[in-house]
Amino acid sequence: METVVDLDAALFEGLCRMGDTTLVLGHRVSEWCGHAPVLEEDIALANMALDLIGQTQLWLGLAGDVEGKGRDADALAFRRDAWEFRNLLLAERPNGDFGQTLMRQFLFDAWHQPMLKALEGSKDARIAEIAAKAGREVAYHLERSADLVIRLGDGTEESHKRMQAALDTLWPYTGEMMMADDVDRTLAEAGVMAAPDSIRPTWEALVAEVLGEAKLKAPEGAYMHKGGKQGTHSEHLGHMLATMQWLQRAYPDAKW
Amino acid sequence: MYAQMVKSEATNEDPEKLAAFQARIDAGEKIEPKEWMPEGYRKTLIRQIGQHAHSEIVGQLPEGNWITRAPTLERKAILLAKVQDEAGHGLYLYCAAETLGVSRDELTEALLSGKMKYSSIFNYPTLNWADIGAVGWLVDGAAIMNQVPLQRTSFGPYSRAMIRICKEESFHQRQGYDIMMKMAQGTPEQKAMAQDALNRFWYPSLMMFGPSDKDSVHSAQSMAWKIKINTNDELRQKFVDQTVPQAEYLGLTIPDPELRWNEEKGGYDFSEPDWSEFFEVIKGNGPCNAERMEARQKAWDDGAWFREGLMAHARKRAAAKVAAE
Amino acid sequence: MSSEWPLWEIFIRGQHGLNHRHVGSLHAPDAEMAVKHARDVYTRRNEGVSIWVVPSSAITASSPSDKGPLFDPSNSKVYRHPTFFDIPEEVGKM
């Protein structure tokens with residue numbers, strides 16, 4: 001892997017990793033709008049998707065500023081191709097059944113919340129500010145997703161079975177959240193973004209506690225997929241972008 | 001409207017009680033859930049509020065169709081917030097209906113079995129991005145025509161739900177018109193999309209008010225009970241008069257060669273929509289009826305394990321709490 | 001057994017320290033989830049800072065036919081309303 005020395009280049013990468021992840025996950029969650037199992041949940045999911053889209057505007061907006069080439073959040077969201085996306089693989093996993101959507105949310109929130117907390121201490125005031133705002137939203141996401149995982153894990157036989165299946169499917173995509181590469185190390189050394197591996201103890205403790213209460217078992221010794229943060233994605237992302245970016249790509253001169 | 005062609009139920013009750021009830025309504029009093037009401041009033045309201053609620057929920061689908069394709073992050077957020085509001089409005093209305101002694105699940109099952117209807121408008125497809133503008137501008141615009149007076153309806157919970165809904169809806173029509181302005185002032189392709197959207201949504205919007213009901217006994221009863229405030233024709237006329245100048249401002253053409261200002265009546269003359277099409281759509285033969293019902297059925301079926309799982313867990317918790325005491 | 005979630009009545013206290021006010025109802029499997037749903041459903045526009053939830057079945061309402069006996073008596077106690085007292089204009093605002 002190429003070593004990134006330039007801090008601004010690393011920062012652009014790091015901000016895209018945050019912003020692309022919230023963008024892709026927010027998009028996935030928004031796919032439920034109008035289709036959730038019960039109205040109250042439909043509304044709650046939309047709130048979460050709205051939070052994530054709002055966070056995307058902040059992260060990618062800052063990424064565009066740092067890059068300094070005149071690209072704003074929309075240009076980054078709608079005019080880059082899949083290999084330029086830096087989101088975590090977990091975020092692009094398809095929604096599956098509602099259990100899989102909630103499990104994906106919980107596994108992510110359990111990382112997102114401590115990560116934002118760490119980012120609040122960034123030496124870069126812009127990052128600290130975004131992290132503080134997003135952190136307040138994500139604290140609630142985590143409270144909700146953890147609670148639902150516990151309730152459904154320990155609900156009916158069927159809900160338990162579905163949540164366990166969701167956990168088994170998604171678990172191999174959790175490792176990437178805590179793997180650090182040169183970009184991460186450059187940013188951590190500069191004190192601007194927390195190293196992802198520093199989140200591991202908190203994440204593991206939280207996940208173990210919730211899964212225990214939910215009577216669910218994490219797979220042991222599972223292989224961990226990686227590559228999203230560096231731009232190597234699953235086939236799912238291309239389809240999502242084909243949908244998401246279509247208007248901007250088909251009518252590049254239009255203002256919306 | 002969101003509640004179209006709601007038949008009022010006949011009422012066979014003590015004439016004295018009926019007269020006293022009517023006197024209360026005439027005096028502008030609100031009727032509250034546990035108070036005496038004619039059976040026909042109760043049943044008509046369940047049908048009307050239920051249909052209104054169903055329309056909100058099914059109405060999420062045509063607009064939801066574009067959430068994943070919204071062209072900017074801001075447009076995506078606004079559209080998502082709007083469609084979410086519709087879920088909220090459905091929820092408020094179901095709750096209002098529930099005060100009349102019917103459960104949300106019963107209403108949902110009646111929708112899925114086809115026993116209850118939803119507004120004809122949501123059986124039309126959203127085919128280009130300007131449709132999202134047209135839905136906000138025309139469909140919400142038509143809905144507001146009906147909902148604003150319904151804030152004064154005689155049934156307390158319905159009136160309160162409408163007040164909340166009207167307050168929240170105030171941004172919906174504006175966001176629709178905002179999209180139309182961007183499209184109408186945009187590239188030639190965008191302008192073509194805007195005109196195409198208006199062409200397809202004009203007559204279905206006029207149908208939302210329902211066929212003329214000036215001679216309908218059902219409407220007369222509903223108006224006496226103040227659960228219907230204006231006739232369909234009054235509202236349709238008001239809608240046309242309001243919308244024509246807005247279309248002119250956009251530089252778009254309303255697809256009606258007969259449309260012209262009538263000085264004498266102080267309003268526009270316009271062509272009636274094709275009512276045979278309307279009745280076909282109501283019967284289930286609209287362009288999207290099957291898809292809409294399929295989507296609702298799927299959400300209901302696929303969500304059953306989730307609803308049951310959470311209920312089972314809540315029962316376990318309650319039992320554990322009792323055991324611990 | 002029915003899996004329909006019970007109905008809850010939602011009360012919200014807004015930003016300005018006023019009393020909790022009934023805002024509507026919703027369905028939830030239990031009280032904790034009713035609070036979460038209330039936050040998502042009824043505070044989408046920053047409406048509240050505190051939420052109460054009460055099972056709808058736990059509400060005891062005054063019977064409509066008592067309307068007269070319950071509320072009429074206070075109609076006659078007009079002295080409870082500030083407009084009952086005439087204060088000369090020269091005294092100023094009171």
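The sequence lines fix the lettering, A, B, ..., with proteins before strands; numbering per chain opens at 1.
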Using non-hydrogen atoms only, which part of [X] is less than 4.5 Å away from chain B: side chain, backbone, both, or neither?
X         : answer
Met163(A) : side chain
Phe98(A)  : both
Leu23(A)  : side chain
Ala254(A) : both
Ile53(A)  : side chain

If you compare all heavy atoms of [X] against all heavy atoms of [Y], which two are closest, and at what distance to 0.1 Å?
X        : Y         : answer
Ala36(A) : Ala299(B) : O-CB, 3.9 Å
Phe78(A) : Ala70(B)  : CE2-O, 3.5 Å
Gly34(A) : Leu61(B)  : O-CD2, 3.8 Å
Leu39(A) : Gly90(B)  : CD1-C, 4.2 Å
Leu50(A) : Ala77(B)  : CD2-O, 3.2 Å
Leu73(B) : Ala73(A)  : CD1-CB, 3.9 Å

Portion of [X] that has a non-hydrogen atom of chain A nearer than 4.5 angstrom:
X         : answer
Ile67(B)  : side chain
Ile57(B)  : side chain
Met193(B) : side chain

Cross-chain donor-acceptor list, chain B and chain A, 3.5 Å limit, no angles:
unit_1: Gln60(B); atom_1: NE2; unit_2: Asp42(A); atom_2: OD1; d: 3.4
unit_1: Pro71(B); atom_1: O; unit_2: Gln248(A); atom_2: NE2; d: 2.7
unit_1: Leu73(B); atom_1: N; unit_2: Asp74(A); atom_2: OD1; d: 2.9
unit_1: Arg75(B); atom_1: NE; unit_2: Trp256(A); atom_2: O; d: 2.7
unit_1: Arg75(B); atom_1: NH2; unit_2: Trp256(A); atom_2: O; d: 3.1
unit_1: Lys76(B); atom_1: NZ; unit_2: His27(A); atom_2: ND1; d: 3.2
unit_1: Gln84(B); atom_1: NE2; unit_2: Ile43(A); atom_2: O; d: 2.8
unit_1: Gln84(B); atom_1: NE2; unit_2: Asn47(A); atom_2: OD1; d: 2.7
unit_1: Arg104(B); atom_1: NH1; unit_2: Glu40(A); atom_2: OE1; d: 3.0
unit_1: Arg104(B); atom_1: NH2; unit_2: Glu40(A); atom_2: OE2; d: 2.7
unit_1: Gln190(B); atom_1: NE2; unit_2: Lys255(A); atom_2: O; d: 2.8
unit_1: Arg296(B); atom_1: NH1; unit_2: Gly34(A); atom_2: O; d: 2.8
unit_1: Arg307(B); atom_1: NH1; unit_2: Pro37(A); atom_2: O; d: 2.8
unit_1: His313(B); atom_1: ND1; unit_2: Asp154(A); atom_2: O; d: 2.8
unit_1: Lys316(B); atom_1: NZ; unit_2: Asp154(A); atom_2: O; d: 3.4
unit_1: Lys316(B); atom_1: NZ; unit_2: Asp154(A); atom_2: OD1; d: 2.8
unit_1: Lys316(B); atom_1: NZ; unit_2: Gly155(A); atom_2: O; d: 3.0

Name the option with the most non-hydrogen atom pairs under 4.5 Å to chain A; the candidates are Val83(B), Ile179(B), Leu80(B).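 Top option by heavy-atom pairs under 4.5 Å: Leu80(B).
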